[in-house]
Structures are given as structure tokens and as C-alpha cells.
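Everything numeric here is computed off the predicted structure, so don't read it as measured data.
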Amino acid sequence: MGAQQVRDGFAELYGTEPEGVWAAPGRVNLIGEHTDYNDGFVMPFALPHTALAAVSRRTDGRLRLHSADVEGGVVELRLDDLAPESDRDWTAYPAGVVWALREAGHAVTGADVHLTSTVPAGAGLSSSAALEVVVALALNDLYGLGLKGWQLARLCQRAENVYVGAPVGIMDQTAAACCTDGHALFLDTRDLSQKQIPFDLAAEGMRLLVVDTQVKHAHSTGEYGKRRAGCEKGAALLGVDALRDIPYGELDAALARLGDDEEVRRLVRHVVTEDERVERVVALLESGGTRAIGPVLTEGHASLRDDFRISCPELDLVVDTALAAGALGARMTGGGFGGSAIVLAEAADVDTITKAVEEAFAAAGFTAPRVFEAVPSPGARRIG
């Protein structure tokens with residue numbers, strides 16, 4: 001659905017033209033998983049799949065929300081009634097953004113919003129962050145708030161942490177707000193410093209595939225929170241603010257200090273080695289060694305599977321099958337327990353790898369996966 005269709009849908013719903021149309025993308029995380037809430041390094045890039053929002057201001061303290069992707073009519077809320085964890089529906093994401101803006105002192109007096117999205121939900125591609133950021137950017141523009149992309153990301157993260165009740169890190173919202181076309185975003189989640197790293201696989205004869213396993217996950221369920229709490233416990237036991245503060249060269253000594261707490265040892269090992277993998281991938285991309293990132297991606301999957309223990313049979317099957325069919329590297333991406341895997345491949349091998357994965361899923365009795373190419377795309381922007 002394009003800008004004009006969203007504009008027309010708004011007009012049909014609300015009886016007037018919107019003041020504008022905005023877009024915010026989903027994202028794929030190339031490397032750096034579960035490091036963001038440990039103050040570490042991540043490397044996402046924006047997808048061409050986007051959430052679109054047609055929006056107009058209101059002055060009566062009311063928020064009207066509608067999604068073309070969800071059954072049901074317009075949901076009307078009073079701004080003064082917005083309260084954390086009061087909403088368990090899709091509306092919590094845009095409403096949470098309005099709540100977070102007002103909590104931060106921004107004079108938002110209401111809005112009419114019509115939304116649609118092509119970001120697959122539950123696939124580990126940050127459909128919720130796209131929804132949050134597109135609403136935040138629209139309100140930032142319409143109300144002249146003057147907030148930068150990283151500031152919008154912080155507010156959207158607060159909306160999801162506090163209003164929705166999901167303990168997510170800052171990566172997804174920053175990716176949606178700050179990524180640029182043709183680049184991966186090297187992000188330090190401690191200070192939000194950013195570096196855009198050129199990432200044009202097509203020019204080098206390669207492709208990055210996303211394989212959506214169709215296994216749905218939800219961040220606000222308990223396993224994600226358990227991993228985060230375990231990481232925080234590890235940092236406290238080691239006397240650091242966050243696991244990012246454990247140097248890679250001192251990992252063995254740090255693990256020895258944790259004694260026989262095997263679960264915390266595994267979590268710490270993953271985070272510290274994953275931060276080092278992000279830095280390795282950045283160095284390889286900047287030196288022209290793009291193909292050499294493949295084994296690093298595969299290392300990351302093994303760590304997520306064995307140490308963080310958030311993979312699942314479908315994700316492991318994608319990775320193992322793709323590698324056996326000639327992929328340069330593969331790993332799960334996103335929060336885990338389902339969602340998507342990424343596969344780095346020579347362009348000439350894409351069809352062979354795709355066929356092998358589809359046949360492996362059929363043989364295992366799994367739901368057929370959705371496979372598509374991931375192309376680094378623009379971040380959030382006004383489109384109409």
C-alpha cells in the first residue's frame with residue numbers, strides 16, 4: 001500500500017484529508033543480538049518493508065487509531081486516560097508513543113491516525129518498532145517538537161518498555177529512525193553514537209536472504225525477560241555497570257569469577273563474544289572483506305543456540321540447510337524463539353539455497369517458510 005492509498009483510507013475513515021503521510025521501516029540485524037540492553041554494539045539495517053501512517057492533529061485531547069491490517073473499526077482513546085500496561089492490543093504501540101511524548105513534556109493534544117504495515121509481525125523484523133517510530137515521527141513533524149532520530153528512538157523504547165511492558169533494548173527503534181539507504185548502522189547502544197557502514201551486497205555479487213520461519217514470538221513473554229535479568233545478574237556479580245564493560249580478552253577470567261552459575265556464565269559468554277563479533281564484522285566491511293563476514297554470522301548463531309539458548313528447530317534447520325547448500329554464512333536474527341534467520345549467499349546460489357530450505361521444511365513437516373531478499377533501505381521519513 002502506497003502513500004496515496006493510506007491517504008485515501010484516512011479520508012474515508014475520518015472524512016477529511018490527513019496532514020501528511022509518514023513511513024518507518026522494519027529492520028534486519030546483521031550481527032549483535034541481545035547486546036543492546038547490555039550497553040553493547042549492534043549492526044542493523046532497514047528493510048524496504050514499512051509501516052505507513054496518515055496522521056492529523058486534534059485539539060480535544062483525543063486519540064483515534066485505525067489499522068488497515070486489523071479487524072475492527074476506529075479505536076478512540078482519551079489522552080488523559082493513557083496509562084502503562086492498560087492496553088494489551090495493537091493500539092498499545094501508537095498510544096504508548098503519545099503517552100511517552102506527553103510524559104516527556106511535549107504538548108501533544110491529540111491525533112487521528114490511520115496505519116498499515118508490510119513488516120511481517122512476529123518475524124523478528126521489528127514490526128512494533130516500525131509502528132512506534134512512524135507515529136512518533138509524524139507527531140514530531142506535526143507538532144514541531146524538533147526531536148532528532150535518536151531522541152525519538154529513546155521515547156519509543158520507553159513506550160514499549162513502560163507502556164506496553166516489553167523489556168526491549170534500544171536497537172529496533174534506533175534502526176527504524178536512523179538507518180540510511182545502502183548502509184548498515186553500527187550503533188553503540190550505550191551512548192547512541194552511530195556510524196553508517198556501506199553495505200551494498202549486490203555490487204559484490206552477493207545477496208542476503210531473510211527466511212521467516214512463520215514461528216511467531218512475543219517479546220513481552222517471559223523467556224526474553226529471563227535472559228535480560230540473567231545478564232543483569234552477571235554484570236552485578238562481576239561488578240560492572242553492564243556486560244559491555246567486560247573486555248573480550250578478559251572473558252575467561254570473568255567466567256571463572258562466576259563460579260558454578262552455569263546459566264549466567266553462558267549468557268555472559270554470548271554477550272561478550274557477540275560484541276567482539278560486531279566489531280569484527282565492521283572491520284571486515286570497512287576493509288572490503290565482505291565475504292569473510294559469513295563465518296562470523298554462523299559463529300553468532302552457534303552462540304545464540306548454545307549459550308543464549310533462544311533458537312528453535314526451525315531456525316536451526318534454516319541455518320544448517322543453507323550452509324550445506326553453499327551459503328557463505330547464516331544465523332537467526334531478532335529476539336529468538338522463532339522469527340527469522342538470515343542467509344548470506346553468492347547471487348548465483350540463491351535459488352539453490354532457497355529450494356533446499358523449502359524442501360527441508362516440507363520434509364520436517366514444518367509450515368512453509370517465507371523467503372525474501374533483504375536490501376538496505378531508508379529509515380523513517382515523510383512520504384506525502
Side-chain angles (χ1 to χ4, degrees), residues 27-35 40-45 47 123-125 171 175 182-186 197-213 248 269-271 273-308 310-336 339-358 360-361 369-376:
R27 65 97 188 96
V28 162
N29 191 25
L30 183 63
I31 193 75
E33 218 66 78
H34 288 269
T35 50
F41 305 123
V42 295
M43 201 172 185
F45 63 86
L47 288 168
L125 304 175
M171 174 180 66
H183 293 77
L185 178 68
F186 177 37
I197 308 294
F199 192 55
D200 185 356
L201 293 175
E204 298 188 60
M206 286 175 285
R207 300 288 186 272
L208 190 76
L209 302 178
V210 174
V211 182
D212 177 3
T213 64
Y248 178 71
R269 183 164 51 230
H270 166 72
V271 172
T273 58
E274 187 79 346
D275 274 335
E276 189 271 340
R277 280 187 284 272
V278 178
E279 293 184 294
R280 242 193 299 163
V281 167
V282 171
L284 287 167
L285 291 178
E286 290 188 325
S287 65
T290 307
R291 281 174 175 77
I293 74 171
V296 188
L297 303 184
T298 307
E299 275 180 44
H301 183 77
S303 183
L304 290 161
R305 181 192 64 212
D306 301 337
D307 279 343
F308 229 69
I310 57 169
S311 190
C312 66
E314 291 86 349
L315 288 167
D316 292 340
L317 185 60
V318 174
V319 171
D320 294 343
T321 304
L323 293 172
L328 297 166
R331 75 171 189 90
M332 59 152 286
T333 188
S340 299
I342 56 174
V343 178
L344 181 67
E346 301 288 357
D349 295 334
V350 164
D351 290 345
T352 301
I353 292 167
T354 300
K355 185 170 184 254
V357 169
E358 290 171 344
F361 267 57
R370 177 180 179 223
V371 184
F372 60 91
E373 185 181 348
V375 179

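Shown here for A292 and P295, the closest heavy-atom pair between the two residues is O-CD, 3.3 Å. Among all heavy-atom pairs drawn from A360 and T321, the shortest one is CB-OG1, 3.6 Å. Of all heavy-atom pairs between I310 and G335, the closest is CD1-O, 3.4 Å. The heavy-atom pair separating V211 from P369 by the smallest distance is CG1-CB, 3.8 Å. Across F45 and P376, no two heavy atoms sit closer than the pair CD1-CA, 3.6 Å. Counting all heavy atoms, side chain and backbone alike, S311 lies closest to D316 at OG-OD1, 2.7 Å.
Among L208, V343, L209, the single residue meeting the side chain to side chain contact (heavy atoms under 4.5 Å, CB included) criterion with V350 is L209.
Considering only heavy atoms from C-beta on, V271 comes within 4.5 Å of F308 through its side chain. When side chains are defined from C-beta on, D212 counts as touching S340, because their heavy atoms get closer than 4.5 Å. Side-chain contact between V278 and V42 is absent, with no heavy atoms from C-beta onward closer than 4.5 Å.
A donor-acceptor pair shorter than 3.5 Å can be found between the side chains of E204 and T290. If you check the side chains of D306 and H270, you find no donor sitting under 3.5 Å from an acceptor.
Taking CE from M43 and CE from M171, the interatomic distance works out to 12.5 Å, rounded to the nearest 0.5 Å. Note that the CG atom of L47 and the CZ atom of R27 stand 8.5 Å from one another [nearest 0.5 Å]. Here OG1 of T354 is found 11.5 Å from CZ of R207. Values are rounded to the nearest 0.5 Å. Interatomic distance, CZ of R331 versus CG of L297, reported as 6.5 Å (0.5 Å rounding). Atom-to-atom distance recorded for M332:CE and N29:CG is 9.5 Å, nearest 0.5 angstrom. Between the CG atom of L30 and the CD1 atom of I197 there is a distance of 11.0 Å, given to the nearest 0.5 Å.
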### Message
For V318 and F361: C-alpha separation, side-chain torsions, deciding distance, then whether side chain to side chain contact (heavy atoms under 4.5 Å, CB included) applies.
### Response
CA-CA 8 Å; V318 174; F361 267 57; 3.5 Å; yes
### Task
Begin with the C-alpha distance, continue with both residues' side-chain angles, and end with the deciding distance and a verdict on side chain to side chain contact (heavy atoms under 4.5 Å, CB included) for Y248 and D275.
CA-CA 8 Å; Y248 178 71; D275 274 335; over 6 Å; no
### Query
Going through the checks in order, is the side chain to side chain contact (heavy atoms under 4.5 Å, CB included) test met by H34 and E274?
CA-CA 9 Å; H34 288 269; E274 187 79 346; over 6 Å; no
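Under the 3.5 Å distance criterion, the side-chain polar atoms of T298 are matched with a main-chain donor or acceptor of G294.
Classification of K355 and E358 as a salt-bridged pair fails, no side-chain N sitting under 4.0 Å from a carboxylate O.
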